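The model shown is predicted, which means the values in this text are computed figures rather than measured ones. In what follows, chains are A, B, ... by sequence order, proteins preceding strands, each numbered from 1.
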Amino acid sequence: MAANPHAEHLQELLEDLNEPQREAVTHGEGPLLILAGAGSGKTRVLAHRIAFLIYTDQAQAGEILAITFTNKAASEMRERVERLLGHATRGMWLMTFHSACARILRAEAVRLGYTRQFTIYDQADSRRLAKRSADAVGVDPKRYTPAAVLNQISAAKNKLIDVDDYRRQAASPFEEMIGEVYDIYQRDLVRMNAMDFDDLLFRTVNLLELFEEARERYRVTFRHVLVDEYQDTNHAQYRLLQLLAGGGAPPKRGREAGDGEPAYARPVGHRNLAVVGDDAQSIYGFRGADIENILRFQDDFPDARVVKLEQNYRSTETILQAANSVIANNRGQIGKKLWSELGQGEQIQMRALQDEHAEARYVVGEIQRLVDEGASRAEIAVLYRTNAMSRVIEDALVRSEIAYQVIGGTKFYERAEIKDAIAYLTLLANPYDVVSFTRVANSPRRGIGATTLARVTAHAAAMDISVWEAAARPQEVPGLGSAAVKALGRFMASMAELRAMTGAEPFGGEGEDEARVAQLTADAPGDEPQRGGQGVPIAELLEAVLAQSGYIEALEAERSIEAQGRIENLEQLVEVGREFDEAEQDAEPTLERFLQEVALVADADTRSDDEGLVTLMTLHNAKGLEYPTVFITGLEDGVFPHSRAIDEGGLEEERRLFYVGVTRAMRKLYLTYARRRAVFGAQSYGMPSRFLTEIPGDLLDEGTEGFGAGAFTPSLARGGETAWSAGAGQVKAARGERAASASFRLGEDVVHAAFGDGVVTGVEPDGVIVVRFAGDGSERKLMAEYAPVTKR
DNA sequence: ATCCTGATTTTTTTT
DNA sequence: AAATCAGGAT
């Protein structure tokens, strides 16, 4: 790089980076692990590194694959890179794992037996399908909710365990049952030409393992792979990276590797893999994230360059000290100590409030005060453990007329009318999609009831044809009355008309199967669609759907405020379609691309940077963000840490979540808890969160002002009092006295309040015991001291 | 096929 | 407290 034409830019690029940051940015080829503490400028490092690779001609834009955690983070990253480069970054793959996989699969799905129009099911869709499959197996839905069943399947998929492997490994009646459900569930997905979120990863791994040609092509294409938030990758994602970048060590986790190791497992490939993460911020274990991925990166790549970023540019020292001392209670982490030059700053405000309403009033009162003093509402975030907790705070904000936004919870795309409209489009694109068909067929009501639907779908399954085809020729469906035949005929006629608008081949006539077969055998999957796709603009199609289907008409007939709101939501959706049409001018705005984009929006993507909006969200959604002022609410044992986490040994992850929350704050941090809180409508009383006791007392201001100070703002320093109203003697009492724990021995018989009889199969440090329960054969980790478990 | 009502459940966290 | 669901009446 002696006479680099970009020399000037290069220097500028490296100018205001600190030493380790610069080391990470300028690292050349080969594996790179960046351990980036909270607020240490990792996004900046990633953006600069991408720009550096391009400036030094180590990569073209099109040779870079950069994975972020959310779409929002991806577009922010793209902006930064473009600002650094001074030009657009077309062709650079900067997106989430799921988006990247969906994009690859669109081009290659044919090789795996799907058409490129395959549907992506979101969690709600998947759950409905899981419920159907569980019903078919005869699973008692009281005992195992569809969500729980789906979780099991999802966990298996995240570990790349397919149906056959799962059933072979099943070690309990419970697992055998889940295996049966998994089997049906997966068959249904394939038959419907659909994938759930986990399939996007799983099938991409399949593709790269099975087809050497594709594997080599993508390896060559992505000469440099960068991954943000590496601590939250799961096994499937790990495997995917290995296939793309070439592994270091062969796979040791997952299934048996050994001698007969397949070719793809061997460490070939460019190994230009740069990952950024912070093990202290791993908070997605519940959805399969494997913290071991980051902890063992150096085992996978013994020659990896390791860079630690420990200087924090975000928070005051007070906030960092609190975060450091809390996280010190976790074990088995990569040692890191955050420090800052921003000075001590203000004390952390801690408050105990009467109940959740008082808590909300306190938070809103403080927000009011800060805004009066000149703060922008956009500088303030209120965080909580579960989505349901937003409501009380929202009420208080509304009452005080403070503008706010809620991230997550009931999303726009989860509203019934939006899902209906999307389901119409999905069915038009993918005539095999039974879930969309059943959703849409009788909505609005047109006399196609549950029995009719069941007969049609059963017929389709029996004849091995698409639902569309079955519904299009209703007279062939056994058992249908003449009214049902007529209703179906009318419905399908208008659907056929709408499908014609999309420019897709007509469907449901005789030659249908050839259509899929032709698509499946069409070789040479490329990056562009083989034909067609130039159909109508999405907005136009949507309007036609809503009119033709009688959907809008039915809502108008209702004449209710609620229906009016739904109509407005649908208008908003049409607007989304219009924006998509305009944004895609160069590429063809195909229906499937639109549906894919809609399916993969995350809560966090909907965040607005609008000035003047206070932001409310869960702690999970706050990952990666920062605010001058942060409120963390609901700091009670059982709420945060969540009771289920306490029961199941998830305390360390909860603690990391708290760490994430604390480190979002730049200058002011508020921690609040309520003594009494309504849970499911019933009142419950909780102790202050144990995390509060892990913060050194001198960092906290417990508020002495105000009426009945002692009564409502108990002090950690004070103590001795007995009841709640007398102060938080409990907090002090709790400090340091948690260590004592009931001891269980290996092999001991125990009884759990919820799970019933079980036996201790493992004893771990920190009072964690492993118990296998007779009821369902499940094995759970419990905190001996806190879980409702006794010796028998 | 559709509507109503009472019972049951829901709350972790999410791509 | 709200939402979904099952069962039964129309």
Exercise. Grab the CZ-P distance between A:F658 and B:dT13 for me, whole Å please.
Key: 19 Å
Quiz prompt | Results of side-chain contact (heavy atoms from CB on, under 4.5 Å) for A:T70 - residues two or more places apart only | solution = A:K72, A:A73, A:A604, A:D605
Quiz item: Are any non-hydrogen side-chain atoms of A:R287 and A:N234 less than 4.5 angstrom apart?
Solution: no
Quiz item: Can you check the A:M389 CE to B:dT13 C1' distance for me, whole Å?
Solution: 12 Å
Quiz item: Taking atom C1' of B:dA1 as reference, at what distance in whole Å does atom CG of A:N442 sit?
Solution: 8 Å
Exercise. Could you measure between the two P atoms, the one in B:dT13 and the one in C:dT4, and give it in whole Å?
Key: 15 Å
Quiz item: How would you list, by chain and number, every residue that makes a salt bridge (charged side-chain N to carboxylate O under 4.0 Å, His left out) with A:D433, sequence neighbours excluded?
Solution: none
Quiz prompt | Nucleotide nearest A:T451 (side chain, heavy atoms from C-beta), chosen from B:dT13, B:dT14, B:dA1 | solution = B:dA1
Self-check item: Rounded C1' spacing from B:dT11 to C:dA6 in Å
Solution: 23 Å
Quiz item: Does A:N158 have a side-chain nitrogen or oxygen under 4.0 Å from the phosphate oxygens OP1 or OP2 of B:dT15?
Solution: no
Quiz item: Does the side chain of A:T119 pick up a donor-acceptor pair with the side chain of A:N430 at under 3.5 Å?
Solution: yes
Practice problem: Give the rounded distance in Å between these two atoms: CG of A:N387 and C1' of B:dT14. | Solution: 10 Å
Quiz item: What nucleic acid atoms does A:N71 come within less than 4.0 Å of, heavy atoms only: base, sugar-phosphate, or nothing?
Solution: nothing
Self-check item: Whole angstrom value for the distance that separates P of B:dT13 from CD1 of A:I632
Solution: 17 Å
Exercise. Quick one: label A:D198 by what it contacts on the DNA or RNA (base, sugar-phosphate, nothing), any heavy atom closer than 4.0 Å.
Key: nothing
Self-check item: Residue pair A:T633 / A:E359, side-chain donor-acceptor N/O under 3.5 Å
Solution: no
Quiz item: Would you say a side-chain N or O of A:R391 is under 4.0 Å from OP1 or OP2 of C:dA2?
Solution: yes
Practice problem: Encode nucleotides 4-10 of chain C as B, S and - characters from 5' to 3', where the letter depends on protein heavy atoms closer than 4.0 Å: B to the base, S only to sugar-phosphate, - to neither. | Solution: -------
Quiz prompt | Is_stacked (A:F286, B:dT13) at 5.5 Å, 30 deg | solution = yes
Quiz item: Which part of the nucleic acid does A:D122 contact within heavy-atom distance under 4.0 Å: base, sugar-phosphate only, or nothing?
Solution: nothing
Quiz item: Are A:Q596 and A:R106 close enough that a side-chain donor and a side-chain acceptor fall under 3.5 Å?
Solution: yes
Quiz prompt | Interatomic distance, A:L105 CG vs B:dT15 P [rounded to whole Å] | solution = 19 Å
Quiz item: When you check the gap from the basic side-chain N to the acidic O, do A:E653 and A:R656 get nearer than 4.0 Å?
Solution: yes
Self-check item: A:H98: ring-ring contact (aromatic ring centres under 6.0 Å, His included) partners, not counting sequence neighbours
Solution: A:F197
Quiz item: Which part of the nucleic acid, if any, lies within contact of A:T452, taking any heavy atom under 4.0 Å across all strands shown: a base, the sugar-phosphate backbone alone, or nothing?
Solution: sugar-phosphate
Self-check item: Donor + acceptor pair across side chains of A:Y218, A:E108 (<3.5 Å)
Solution: yes
Quiz prompt | Along DNA chain B (nearest heavy atom to each residue), the more 5'-positioned of A:A484 and A:Y284 | solution = A:A484
Exercise. Nearest whole angstrom, please: distance from the C1' of B:dT15 to the CE of A:M195.
Key: 16 Å
Quiz item: Tell me: CD of A:E394 to P of C:dA2, nearest whole Å?
Solution: 13 Å
Practice problem: Look at all strands and tell whether A:Q123 reaches a base, only sugar-phosphate, or nothing, counting heavy atoms closer than 4.0 Å. | Solution: base
Quiz prompt | Partner set under ring-ring contact (aromatic ring centres under 6.0 Å, His included) for A:Y185, not counting sequence neighbours | solution = none
Self-check item: Under 4.0 Å protein heavy-atom contact, by nucleotide of nucleotides 4-11 of chain B - B base, S sugar-phosphate only
Solution: -----SBB
Self-check item: 5'-most by nearest nucleotide on DNA chain B - A:I407 or A:I448
Solution: A:I448
Self-check item: Polar contact flag, side-chain donor to acceptor under 3.5 angstrom, A:E394-A:Y404
Solution: yes
